[in-house]
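What follows is a set of notes on a single structure, which appears directly below.
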Amino acid sequence: MKSAVTISLVTEAAGGPFVFWHDLEAGMRQAAELGFDAVEIFAPAPEVLNDPVIGSLLTKYKLRLAAVGTGAGWVKHKLALTSPDAAIRAKARDFIRDIVNAGGRYGAPAIIGSMQGRWADTIDKPTALKLLGESLIELGDAASKHGVPLIYEPLNRYETNLITTMADGVSYLQSLGTSNVKLLADLFHMNIEEVNVADGLRAGGAFISHVHFVDSNRRAVGSGHTDFAPIMQALRDIGYSGYFSAECFAYPDSFEAARLTIEGFRRLTK
Ligand code: LER
Ligand code: MN
């Protein structure tokens with residue numbers, strides 16, 4: 001089991017659920033000091049990830065790149081893979097493909113969360129799921145060229161109305177017939193949507209390839225009311241060996257959120 005911590009470089013996302021903010025090197029330095037294995041970067045544009053400074057800093061601080069987020073396409077440009085507008089969908093795919101390729105060179109998969117969008121009056125649910133599926137297949141194929149999966153993240157009902165549980169995520173990915181798209185289990189979303197988080201993880205099973213490691217209130221692990229023992233047991237039972245990536249608020253501040261997370265990670269994985 002491997003630890004990771006999020007770094008957001010997206011100004012518009014300020015106040016969102018990320019641990020380190022705005023300063024890539026400061027985030028990596030603190031991640032390394034605390035003993036994290038990796039960082040997960042939420043970048044404003046693919047170009048930022050293509051900057052060779054990313055590789056230099058990963059080497060300098062002996063960190064891996066766990067994953068790269070794509071949500072800036074939504075936050076900054078209102079792009080979504082299920083937009084009723086074909087031109088916007090095409091731009092969304094281009095934005096994500098560039099991030100898939102940028103992360104891929106470091107062996108890091110890209111995450112599709114808010115870029116999935118939602119169904120609405122202008123686009124019905126079956127159509128939205130069909131459009132999303134076509135993009136997931138195409139982007140999963142792009143990711144396979146780097147030997148990494150594409151990671152699809154079910155979100156809670158306030159952020160999407162497409163897929164909100166692990167079981168539905170598995171059925172959906174199976175219906176697409178692609179083998180390179182996996183699921184992200186975000187314990188915050190699961191706390192809202194699953195009947196039981198541990199059972200949800202078991203339902204996700206081998207499809208789960210990334211975990212957003214966070215407590216019930218989206219603060220660092222140990223700061224809310226999540227019972228982590230059955231969750232860790234479920235992850236062991238399904239043979240999960242990926243990252244536990246801290247996607248939580250910088251509460252009470254970034255360093256403390258990171259410190260609480262790595263302590264929780266060590267306590268729960270020993
Ligand atoms: C992204 O990983 C996520 O969990 C979303 O809720 C971000 O808003
Ligand atoms: Mn998440």
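In what follows, residues are counted from 1 in the order of the sequence shown. Atoms within a ligand are numbered from 1 in the order they appear, just like the ligands themselves. As a basis for the values below, the full set of heavy atoms in this structure was taken, side chains included, without hydrogen atoms, waters or symmetry mates.
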Inset, instruction - May I ask you to list the atoms of ligand 1 that are less than 4.0 angstrom from any heavy atom of D186? - result: 4 (O)
Inset, instruction - Look at D37 together with R64 and state whether they make a salt bridge at an N to O cut-off of under 4.0 Å. - result: no
Inset, instruction - In plain terms, say whether D94 and K91 are close enough for a salt bridge, that is, a side-chain N and a carboxylate O under 4.0 Å apart. - result: no
Inset, instruction - Under 4.0 Å from a heavy atom of E153: give me the atoms of ligand 1 that qualify, with their elements. - result: 1 (C), 2 (O), 3 (C), 4 (O)
Legend entry - Sidechain N-carboxylate O distance under 4.0 Å for D186, R218: yes
Legend entry - H189 near the Mn ion (ligand 2) via N/O/S, less than 2.8 Å: no
Legend entry - Proximal ligand 1 atoms for E159, defined as those under 4.0 Å from one of its heavy atoms: 5 (C), 6 (O), 7 (C), 8 (O)
Inset, instruction - Before accepting this row, confirm whether a basic side-chain N of the pair E159/R118 lies closer than 4.0 Å to the acidic partner's carboxylate O. - result: no
Inset, instruction - Of all N, O or S atoms in E153, identify the one at the shortest distance from the Mn ion (ligand 2). - result: OE2
Inset, instruction - Kindly give the atom name of the N, O or S atom of D186 closest to the Mn ion (ligand 2). - result: OD2
Inset, instruction - Consider only side-chain N and O atoms of D124 and T127, and report whether a donor and an acceptor are under 3.5 Å apart. - result: yes
Inset, instruction - Below 4.0 angstrom from a heavy atom of H212, which ligand 1 atoms are there? Numbered from 1 as shown, please. - result: 2 (O)
Legend entry - For R218, the ligand 1 atoms whose distance to one of its heavy atoms is below 4.0 Å: 3 (C), 4 (O), 5 (C), 6 (O)
Legend entry - Proximal atoms of ligand 1 relative to H189 (non-hydrogen, under 4.0 Å): 3 (C), 4 (O), 5 (C), 6 (O)
Legend entry - Pairwise side-chain contact, H210 with S245, heavy-atom cut-off 4.5 Å (strictly under): yes
Inset, instruction - Determine, for R259 against E263, whether the closest basic-nitrogen to carboxylate-oxygen distance falls under 4.0 angstrom. - result: yes
Legend entry - Metal site angle (apex the Mn ion (ligand 2)), ND1 from H212 and OE1 from E247, 10 degrees: 90°
